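Here is the structure we will look at, set down as structure tokens.
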2 protein chains.
Amino acid sequence: MISVKMCMIGERALAETSDFKAEPPEGIDALGASSEGASLYQLIREDIIEGRLAANERLVVTDLARRHGTSTNPVREALQLLRGEGFVTFVPNRGARVRPIDQDFVRDIYEIGVLIEPALTRWFVNMATVEDIAELERIQGLIEENNFADTFRHSELDTAFHTVMYQRHYNRHAAELWWKHREVLRAVSRRFNFTLARRAAIIREHRELIAHVKAGNADEAAELIARHVEGSGRHVLEHMRARNAARAG
Amino acid sequence: MISVKMCMIGERALAETSDFKAEPPEGIDALGASSEGASLYQLIREDIIEGRLAANERLVVTDLARRHGTSTNPVREALQLLRGEGFVTFVPNRGARVRPIDQDFVRDIYEIGVLIEPALTRWFVNMATVEDIAELERIQGLIEENNFADTFRHSELDTAFHTVMYQRHYNRHAAELWWKHREVLRAVSRRFNFTLARRAAIIREHRELIAHVKAGNADEAAELIARHVEGSGRHVLEHMRARNAARAG
DNA sequence: ACGCGATAAATCGTACATTGTTTATAGGAA
DNA sequence: TTCCTATAAACAATGTACGATTTATCGCGT
């Protein structure tokens, strides 16, 4: 159904493990802004993703400045950064608002993921070290041990699992797109209070994936990831649709 | 060699033609910033892409403000927007610099293009109207008429050609990624003073593409685009490599 | 020649002025 | 009375000016 081959144009250096912590892959370049602007960016960003700021809520510069004990300029700076990331919208002379993370937005992100992640996976399978594989199995062990008891912990572990794979990326932009995908998913799951369905499928797919990696079977791993992303995308959207219908009805 | 199928998750509305002019696909959201900041953003952006500002050149806020007859705040705003787009880097307490568009950067962009554009093409083939096809043929006529005599005009026409295809996008993010690809290519071609090789191939590929679109042959069109992007990527990188070697030697 | 201190320059944060938008209120007509 | 409109006042975004802090540069002394 889906089938994505990786395409490499020109040679490349292997990505350092270090530039891809459990933290953001330095959105194009690290924090960049100065101390206050950057920390405000982090804070407001978390407020948006965690849902403490509602969709379409106005982001009044003077309020935010007062609340965080700074003046307005650092706030403007943070908002511009968030705008670049797509979490905030601006209307001229009317200021900023929290961008609602709607179905169209989520759908688009997942579809990009379906195109990108298999290629990253293919590269990982070819480059994975024994340490990488051991780390994957360790995390998978923790995931199965947790067994969805703590959904927050599951989400963290799942991110860790994929981070191990994508820290060996062949393409920084692609890896950043994946990270954005993750962040949006985090936002959605906070807002719509996810209960993960597909539990058995998730465990099974991860195990299958590890097997493919061990066997050096890039094609099948890529295919598996494509279906994995597609499936979870459909599930998330279905959940959003149901919730919105319930809210409207 | 490459083969990308499109994946659709959930239903969607057809993109309006109007939201995808010959102008940028409203980078996540239109201009956004206020009049002055936005126009500065445009101006500085063009200065960077057109090469009037050199790679790694310092972007001193006060200078830019004086030059454009404003105060510093709109300049800071514009620079933050450019940072979000990746054309400018920041170092805390040391300000902004023009990000050099190096081979790694270009390679990454093209590889994303290879993954994204075939999917957009597939969608276009399925949704194209007779007017779309007529427009493609009209532009193709102009391209062949020009026959690379004016390379700038060729570039404009080529962009128009692809814009016709991608204005019928199924995924806004994907279309924006394409646009970014275009902008980077424009920057590279200005800096490295392109002489387009592959002239015969470009004409031939466009004709083939139109034929596939007319026949409703999505698979072959997507495959063709994948090879088209890959080929032009390799060519661009080869050109950059040669130029850099010449400059160093 | 090399480290060290003074000076210059530019960023970053703050305070303020201006401009545009929203809201509330008063007045008038149906 | 009720609804609409016009006007004014509050509110907030945008632009300007300035001071504080950090960084870079240059020259001096050893």
Side-chain angles (χ1 to χ4, degrees), chain A residues 26-45 47-48 53-100, chain B residues 26-45 47-48 53-100:
Chain A
E26 32 174 311
I28 288 266
D29 67 26
L31 317 99
S34 76
S35 146
E36 297 227 30
S39 58
L40 273 179
Y41 159 74
Q42 302 272 8
L43 289 173
I44 300 175
R45 190 171 189 282
D47 282 346
I48 292 176
L53 292 169
N56 273 318
E57 183 166 340
R58 274 191 81 179
L59 296 170
V60 178
V61 178
T62 52
D63 287 359
L64 291 170
R66 203 177 11 250
R67 187 170 320 165
H68 293 93
T70 70
S71 69
T72 60
N73 257 357
V75 176
R76 294 192 218 178
E77 192 176 318
L79 291 180
Q80 292 299 341
L81 294 179
L82 288 165
R83 174 188 171 281
E85 244 185 318
F87 286 118
V88 157
T89 60
F90 273 82
V91 179
N93 284 322
R94 268 189 273 177
R97 285 176 183 276
V98 177
R99 170 178 295 245
Chain B
E26 30 175 312
I28 289 266
D29 68 26
L31 316 99
S34 76
S35 144
E36 220 142 341
S39 59
L40 273 179
Y41 159 75
Q42 303 271 8
L43 290 172
I44 300 175
R45 190 172 189 281
D47 282 345
I48 292 175
L53 293 169
N56 272 318
E57 183 166 341
R58 273 192 79 178
L59 295 170
V60 177
V61 177
T62 53
D63 287 359
L64 292 170
R66 203 179 8 252
R67 187 171 321 167
H68 293 93
T70 70
S71 70
T72 60
N73 255 357
V75 176
R76 294 192 219 178
E77 192 176 318
L79 291 181
Q80 292 298 340
L81 294 179
L82 289 166
R83 174 187 170 282
E85 244 185 320
F87 286 117
V88 157
T89 61
F90 273 82
V91 179
N93 285 321
R94 268 189 275 177
R97 285 178 183 276
V98 177
R99 168 177 295 242

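Below, chain A is the first sequence line, B the second, and so on; all start at residue 1. Small disclaimer: the values here were computed from a predicted structure and weren't measured.
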**Request:** Could you tell me whether the phosphate oxygens of D:dT16, OP1 or OP2, come under 4.0 Å of any side-chain nitrogen or oxygen in B:S71?
**Result:** yes

**Request:** Let me know the distance between CG of A:N93 and C1' of D:dT14, rounded to the nearest Å.
**Result:** 7 Å

**Request:** Can you tell me the distance, in whole Å, between the CZ atom of A:R58 and the P atom of D:dC11?
**Result:** 12 Å

**Prompt:** CG of B:L81 to CZ of B:F87: how many Å apart, nearest 0.5 Å?
**Reply:** 12.5 Å

**Prompt:** Taking only side-chain nitrogens and oxygens of A:R76, does any of them come within less than 4.0 Å of OP1 or OP2 of D:dT14?
**Reply:** no

**Asked** Would you say D:dA12 has OP1 or OP2 under 4.0 Å from some side-chain N or O of A:R94?
**Response** no

**Prompt:** Between B:V61 and B:N73, which is nearer to the 5' end of DNA chain C once each is assigned its nearest nucleotide?
**Reply:** B:V61

**Message:** Rounded to whole Å, please give me the gap between NE2 in A:H68 and P in C:dG13.
**Reply:** 14 Å

**Request:** Starting at CZ of B:R66, measure out to OG of B:S71 and round the result to the nearest 0.5 Å.
**Result:** 13.0 Å

**5' precedence on DNA chain C between B:D63 and B:T72 (nearest-nucleotide basis)** = B:D63

**Complete:** In whole angstroms, the gap separating P of C:dT18 from CD of B:E36 amounts to 16 Å

**Close side-chain approach of A:R76 and A:V61, heavy atoms under 4.5 Å** = yes

**Request:** Measure from CZ on A:F90 to C1' on D:dA12 and round the result to the nearest Å.
**Result:** 13 Å

**Message:** With rounding to the nearest 0.5 angstrom, report the CD1 to CG distance, A:I48 to A:L53.
**Reply:** 6.0 Å

**Request:** Quickly work out the B:L64 CG to C:dA10 C1' distance and round it to whole Å.
**Result:** 12 Å

**Asked** What distance separates A:L40 CG from A:L79 CG, expressed to the nearest 0.5 Å?
**Response** 8.5 Å

**Asked** In whole Å, what is the span from the CG atom of B:L59 to the C1' atom of C:dT11?
**Response** 13 Å

**Prompt:** The side chain of B:P74 lies closest to which of these nucleotides: D:dG15, C:dA10, C:dG13?
**Reply:** D:dG15

**Request:** Calculate the interatomic distance between A:L81 atom CG and C:dC12 atom C1'; express it in whole Å.
**Result:** 14 Å

